[in-house]
Amino acid sequence: MNIDVKSFLKRALHPKEWKSLYRENKEIVSYVFFGVLTTIVSFGTYYLFRFIFPDEKSVPAFLSWTFNLTAVFSTESATVLPVILSWICAVIFAYVTNRIWVFESKAAGAGILSEFVKFCGARLLTLFVDLLIMFLLVDMTGMDGTLWEFFAKVVSNIFVLVLNYILSKLIVFRKKKKSA
């Protein structure tokens, strides 16, 4: 699928073109739309969990290990637990919306479980990308503050969004070729 970005953007400025643009690029448009919603879920739950668990003292004992994951770098990470918890929320939301509206999966029965496992596996890879970017931009730089964390999360989500689409398209929701 090749998209002439310049032509697409030019047409997107004209409301009369929107319906035909959507029909021509339904999968990408739907993915971006639900990607934005997933990002809102991810950001919202990240900041909710960051508020609930601001430091190691606020975390239940069985979760305190998350603050020590980066001890090898002589630092404590306050972003690991919120990233993991927000990832879980975002993955569930993204799977449902991608399955139904973006890739229109026809899997049934055990196929749904297989698809979900592949989806979670692909998203697990991008969780590590998210963790790495957040760790590098927030924990390793020592730059904290809501605005800097927000910037770091935006940067991280751009990488994650693109990588998630590629993995979903090529691995998880791959369409079977029709035999001639």
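What's counted below: heavy atoms across the whole structure, side chains too, no hydrogens, waters or symmetry copies. Only a predicted model underlies this, so the values are computations on that prediction, with no experimental measurement involved.
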Is a side-chain donor or acceptor of Tyr22 paired with a backbone partner of Ser30 at a separation under 3.5 angstrom? no
Which atoms form the tightest heavy-atom contact between Lys153 and Asp130, and what is the distance? NZ-OD2, 2.9 Å
Partner of Tyr31 under ring pair (Phe, Tyr, Trp, His ring centres under 6.0 Å), picked from Tyr165, Phe173, Trp101, is Tyr165
Is Glu24 salt-bridged to Lys19, going by a charged N under 4.0 Å from an acidic O? no
When you measure from the side chain of Ser114 to the backbone of Ala110, do you find a donor-acceptor pair of N or O atoms at a distance under 3.5 Å? no
Decide salt bridge (charged side-chain N to carboxylate O under 4.0 Å, His left out) for Glu115 and Arg174; before the verdict, give the C-alpha distance in whole Å, the side-chain angles of both, and the deciding distance to 0.1 Å. CA-CA 10 Å; Glu115 189 178 77; Arg174 183 176 59 213; over 6 Å; no
Measure the CZ-OG distance between Arg50 and Ser86 for me, rounded to the nearest 0.5 Å. 11.5 Å
Using modelled atom types and a 3.5 Å cut-off, is there a donor and acceptor pairing between side-chain atoms of Trp148 and backbone atoms of Leu137? yes
In this structure, is the centre-to-centre distance between the rings of Phe93 and Phe34 below 6.0 Å? no
Please confirm whether the backbone N or O of Ala90 pairs with a side-chain atom of Arg123, one donor and one acceptor, at under 3.5 Å? no
Asp55 side chain to Ser58 main-chain N or O, any donor-acceptor pair under 3.5 Å? yes
So, do Met134 and Asp139 sit near enough that their side-chain heavy atoms are less than 4.5 Å apart? no
Mind checking the OG1-CG spacing from Thr126 to Leu132? Nearest 0.5 Å is all I need. 12.5 Å
Could you measure the distance from the CG atom of Leu85 to the OG1 atom of Thr45? Nearest 0.5 Å is fine. 8.0 Å
Any donor and acceptor pair, going by atom type alone, linking the side chain of Thr39 with main-chain N or O of Gly35 inside 3.5 Å? yes
Do Glu27 and Lys169 meet the salt-bridge criterion of a basic N to acidic O distance under 4.0 Å? yes
Testing the basics here: between Ile133 and Ala152, what is the closest heavy-atom pair and its distance to 0.1 Å? CG2-O, 4.3 Å
Take atom CG of Leu147 as the centre, draw a 6.0 Å sphere, and report whether it contains more than 12 heavy atoms from other residues, nucleotides or ligands. no
